[in-house]
Undergrad: 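Have a look at this one.
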Amino acid sequence: MSTLFDLTGRTALITGSARGLGYAFALGLAEAGAKVVINARNVEQVAQAVDQLRAQGHDARGLPFDVTDEAAVAAAFAALDAQGVEIDILINNAGIQHRAPMVELALADWQRVIDTNLTSAFIVGKEAAKRMIARGRGGKVINIGSLTSEAARATVAPYTAAKGGIKMLSRAMAAEWAQFGIQVNTIGPGYIQTDMNTALINNPTFDAWVKASNPTQRWGKPEELMGTAVFLSSRASDYVNGQIIYVDGGWLSVL
Ligand code: GCO
């Protein structure tokens with residue numbers, strides 16, 4: 001089998017990977033041979049995810065930290081340095097949702113979403129890229145966008161602004177880091193069956209809207225995002241930079 005998609009010998013840090021899409025990304029990369037570093041703020045959830053991956057024979061370790069806390073991120077990378085763990089692949093997946101009409105939205109809630117969904121990618125990406133550049137053997141950064149990187153939905157303004165920013169942050173990172181052999185791209189998930197979307201899935205009107213709005217006529221599954229993450233983490237994408245790949249059932253491509 002081609003080694004083009006083989007991640008053996010590479011180590012990946014996936015933020016927000018104790019569950020949902022982040023866990024699916026971690027599992028997908030592990031199945032392609034990568035060692036994976038699991039992150040979330042919750043120590044117990046990180047430990048559970050690590051145990052699940054190890055039970056499947058994968059090389060996994062935990063690294064709980066708050067992606068919005070610059071000092072905590074620096075300390076986490078210092079701990080990896082001390083352990084001799086070098087991050088070759090970073091997936092900035094950590095994200096939250098807050099649904100409210102803008103005229104009722106508190107600034108604190110706006111800021112919390114922007115900090116978690118956008119600024120964290122800068123904070124964590126900077127720490128990872130500094131080390132990738134110093135090592136001189138390139139690397140991969142994958143930022144996680146959304147359909148709202150392209151089109152807006154009412155009542156999720158901070159999430160939409162953050163995900164639009166993520167698409168352009170990937171391009172800004174590519175502009176500065178491509179010369180060092182680092183590829184930076186974005187994955188744009190459609191409506192996927194994750195905990196964050198439980199309220200939407202259980203709302204018959206919203207559920208019907210999702211199924212009517214994409215030609216595949218269904219919600220996506222977290223495991224359906226694994227292949228794109230492996231592709232963008234592997235040698236197969238060494239000349240792909242600054243792109244966004246929508247894994248959305250065709251939503252954005254069909255009227
Ligand atoms: C929402 C959802 C979306 C999806 C996804 C769509 O409230 O509309 O949470 O944001 O999670 O981002 O691509």
Side-chain angles (χ1 to χ4, degrees), residues 14-28 40-41 45 67-68 91-106 108-121 142-171 185-229 231-232 243-255:
I14 305 97
T15 64
S17 50
R19 57 193 185 142
L21 291 190
Y23 181 81
F25 292 137
L27 179 58
R41 282 181 301 177
Q45 288 178 4
V67 295
T68 67
I91 300 185
N92 282 311
N93 166 78
I96 57 174
Q97 183 56 283
H98 184 89
R99 303 178 180 105
M102 255 188 283
V103 294
E104 299 166 18
L105 184 64
D109 289 324
W110 164 276
Q111 198 60 59
R112 189 164 47 83
V113 175
I114 295 292
D115 288 349
T116 308
N117 294 20
L118 176 59
T119 306
S120 69
I142 301 168
N143 296 317
I144 304 306
S146 157
L147 290 179
T148 59
S149 297
E150 210 66 48
R153 177 174 94 77
T155 73
V156 289
Y159 187 97
T160 302
K163 293 302 189 181
I166 275 288
K167 177 175 72 173
M168 293 313 295
L169 177 60
S170 290
R171 293 175 182 169
N185 293 285
T186 305
I187 295 175
Y191 278 86
I192 310 297
Q193 292 172 325
T194 60
D195 294 351
M196 187 170 74
N197 288 334
T198 301
L200 306 178
I201 294 164
N202 295 334
N203 176 322
T205 304
F206 199 101
D207 177 55
W209 174 69
V210 168
K211 290 169 178 170
S213 300
N214 78 87
T216 308
Q217 299 179 354
R218 63 173 173 83
W219 292 75
K221 295 172 283 209
E223 55 267 31
E224 291 178 305
L225 287 136
M226 289 177 174
T228 303
F231 164 65
L232 290 175
Q243 297 303 311
I244 182 164
I245 299 178
Y246 287 101
V247 185
D248 67 354
W251 190 306
L252 287 174
S253 304
V254 173
L255 291 177

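Every number for a ligand or one of its atoms is a count from 1 in the order of the listing. When reading the values below, keep in mind they use all heavy atoms of this one structure, side chains included, and skip hydrogens, waters and symmetry mates. As the structure is a computational prediction, the values presented were derived from the model and not from experiment.
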Undergrad: Can you name the residues that form a side-chain contact (heavy atoms from CB on, under 4.5 Å) with Met168, not counting sequence neighbours?
TA: Arg171
Undergrad: What heavy-atom pair brings Ile187 and Leu232 nearest, and what distance separates the two atoms?
TA: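 That would be CG1-CD1, 3.7 Å.
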Undergrad: Checking Asn202 side chain against Thr198 main chain: does a donor-acceptor pair fall under 3.5 Å?
TA: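 Present.
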Undergrad: For Asp115, what residues pass the side-chain contact (heavy atoms from CB on, under 4.5 Å) criterion, not counting sequence neighbours?
TA: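 Scan of Asp115 (side-chain contact (heavy atoms from CB on, under 4.5 Å), adjacent residues dropped) gives Thr68, Gln111, Thr119.
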Undergrad: Compile the donor-acceptor pairs under 3.5 Å between side chains in residues 97-104 and protein atoms, sequence neighbours left out, one pair per line.
TA:
{"from": "His98", "atom 1": "ND1", "to": "Arg112", "atom 2": "NH2", "distance (Å)": "3.3"}
{"from": "Arg99", "atom 1": "NH2", "to": "Met196", "atom 2": "O", "distance (Å)": "3.0"}
{"from": "Arg99", "atom 1": "NH2", "to": "Asn197", "atom 2": "OD1", "distance (Å)": "3.2"}

Undergrad: Do Lys163 and Asn117 come within less than 4.5 Å of each other through their side chains, counting heavy atoms only?
TA: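 Heavy-atom side-chain distance check passes, below 4.5 Å.
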Undergrad: Quick one: ligand 1 N/O to protein N/O pairs below 3.5 Å?
TA:
{"from": "ligand 1", "atom 1": "7 (O)", "to": "Gln97", "atom 2": "NE2", "distance (Å)": "3.3"}
{"from": "ligand 1", "atom 1": "7 (O)", "to": "Arg99", "atom 2": "NE", "distance (Å)": "2.7"}
{"from": "ligand 1", "atom 1": "7 (O)", "to": "Arg99", "atom 2": "NH2", "distance (Å)": "3.3"}
{"from": "ligand 1", "atom 1": "7 (O)", "to": "Arg153", "atom 2": "NH2", "distance (Å)": "2.9"}
{"from": "ligand 1", "atom 1": "8 (O)", "to": "Arg153", "atom 2": "NE", "distance (Å)": "2.6"}
{"from": "ligand 1", "atom 1": "8 (O)", "to": "Arg153", "atom 2": "NH2", "distance (Å)": "3.3"}
{"from": "ligand 1", "atom 1": "8 (O)", "to": "Tyr191", "atom 2": "OH", "distance (Å)": "2.7"}
{"from": "ligand 1", "atom 1": "9 (O)", "to": "Gln97", "atom 2": "NE2", "distance (Å)": "3.1"}
{"from": "ligand 1", "atom 1": "9 (O)", "to": "Arg99", "atom 2": "NH2", "distance (Å)": "2.9"}
{"from": "ligand 1", "atom 1": "9 (O)", "to": "Asn197", "atom 2": "OD1", "distance (Å)": "2.8"}
{"from": "ligand 1", "atom 1": "10 (O)", "to": "Gln97", "atom 2": "NE2", "distance (Å)": "3.2"}
{"from": "ligand 1", "atom 1": "11 (O)", "to": "Asn197", "atom 2": "OD1", "distance (Å)": "3.3"}
{"from": "ligand 1", "atom 1": "11 (O)", "to": "Asn197", "atom 2": "ND2", "distance (Å)": "3.4"}
{"from": "ligand 1", "atom 1": "12 (O)", "to": "Ser146", "atom 2": "OG", "distance (Å)": "2.7"}
{"from": "ligand 1", "atom 1": "12 (O)", "to": "Tyr159", "atom 2": "OH", "distance (Å)": "2.9"}
{"from": "ligand 1", "atom 1": "13 (O)", "to": "Ser146", "atom 2": "OG", "distance (Å)": "3.0"}
{"from": "ligand 1", "atom 1": "13 (O)", "to": "Leu147", "atom 2": "N", "distance (Å)": "2.9"}
{"from": "ligand 1", "atom 1": "13 (O)", "to": "Pro189", "atom 2": "O", "distance (Å)": "2.8"}
{"from": "ligand 1", "atom 1": "13 (O)", "to": "Gly190", "atom 2": "O", "distance (Å)": "3.4"}

